[in-house]
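Okay, so here's the structure we're looking at.
Counting convention: from 1, in listed order, for ligands and their atoms alike.
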Amino acid sequence: MIEQAQLRENLERIESAIHDACRRAGRKRSEVELMAVSKTYPASTILEAARLGLRSFGENRVQEFAGKSAELAPLRVNGATAASDTPILVHLIGHLQSNKAAKAAELFDAIDSLDSLRLAERLNEAAAKLHKRLPVLIEVKLSEEETKAGIDPESSEAAALLETLPGLDSLHCRGLMTIAPWGVPESQTRACFRSLREWRDRWAAAHQRLNLDVLSMGMSGDFAIAIEEGATRIRIGTALFGKRPPMEAQRAAFPEDFVE
Ligand SMILES: *Cc1c(COP(=O)(O)O)cnc(C)c1O
């Protein structure tokens, strides 16, 4: 587990890089939300990060987070926190199969990886049953990589999703999310982030009933570029918490998360 002092030092370093990127881009620090990506780290790490003031967390798997959620309950929206405390918000940022939609709607405060119409309908039904209005981001695939999740912005399904979302009363669309391609030149990373912003501007003009204010883009390796290109939320894992365990160890620990 990461030491509090190390975590504090990492956070300070990231904060300083966020400030620099904001200054270069002529933006205010308050325009960029820092999400701590806590996937693969134990609940105790989330508690440590919350003690340092972090309030937004990203998790990528349902079963894994189900195991941590009890320990975090006092810090969450309906927890036993003093009224003066700001609750932490936990977002799902990993791909969600529609058969896990009900569980996810129950466990998470927001779903940032909405990537199909079918999933939107399932989440809407599940949220309605829970008397919840669930914030969502549409995950957009802007890279050719097969492994990347998200909806093709030029597809008829994307068009249908944008048309349908305003009528799904138990979902609250807040914006878009993307993951930039790995190991490519900086110019390509930048082009990906710029493209997300352009899709947002185009879609916001065409769908005035949709709220698309949030642009969730940028991770440990590329967040400064994302801020320069208009990110309103960056998602930081390794730069904050250190290296994650290898995928095989994760698979062994949470087999249900890997069942298709
Ligand atoms: C893991 C993950 C991150 C964080 O990645 P780091 O490179 O560790 O900062 C951000 N977004 C998504 C969708 C992720 O799955």
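Screening Leu114, Asn211, Leu212, Leu161 for a side-chain contact (heavy atoms from CB on, under 4.5 Å) with Cys173, the sole residue that qualifies is Leu212.
With a 6.0 Å radius and a threshold of 12 heavy atoms from other residues, nucleotides or ligands, Arg8 has its CZ atom at or below the threshold.
One finds a salt bridge joining Lys68 and Glu59 here, because a Lys/Arg side-chain nitrogen approaches an Asp/Glu carboxylate oxygen to under 4.0 Å.
With sequence neighbours excluded, no residue forms a side chain to side chain contact (heavy atoms under 4.5 Å, CB included) with Glu125.
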Nitrogen or oxygen contacts under 3.5 Å, ligand 1 side and protein side:
unit_1	atom_1	unit_2	atom_2	d
ligand 1	8 (O)	Thr238	N	2.8
ligand 1	8 (O)	Thr238	OG1	3.0
ligand 1	8 (O)	Arg244	NH1	2.7
ligand 1	8 (O)	Arg244	NH2	3.1
ligand 1	9 (O)	Ser220	N	3.0
ligand 1	9 (O)	Ser220	OG	2.5
ligand 1	9 (O)	Gly237	N	2.8
ligand 1	11 (N)	Arg235	NE	2.8
ligand 1	15 (O)	Lys39	NZ	2.6

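Annotation for Leu107 and Phe65: closest pair O-CE2, 3.7 Å, computed over non-hydrogen atoms.
Side chains of Arg133 and Ser170: a donor-acceptor N/O pair is absent below 3.5 angstrom, by distance only.
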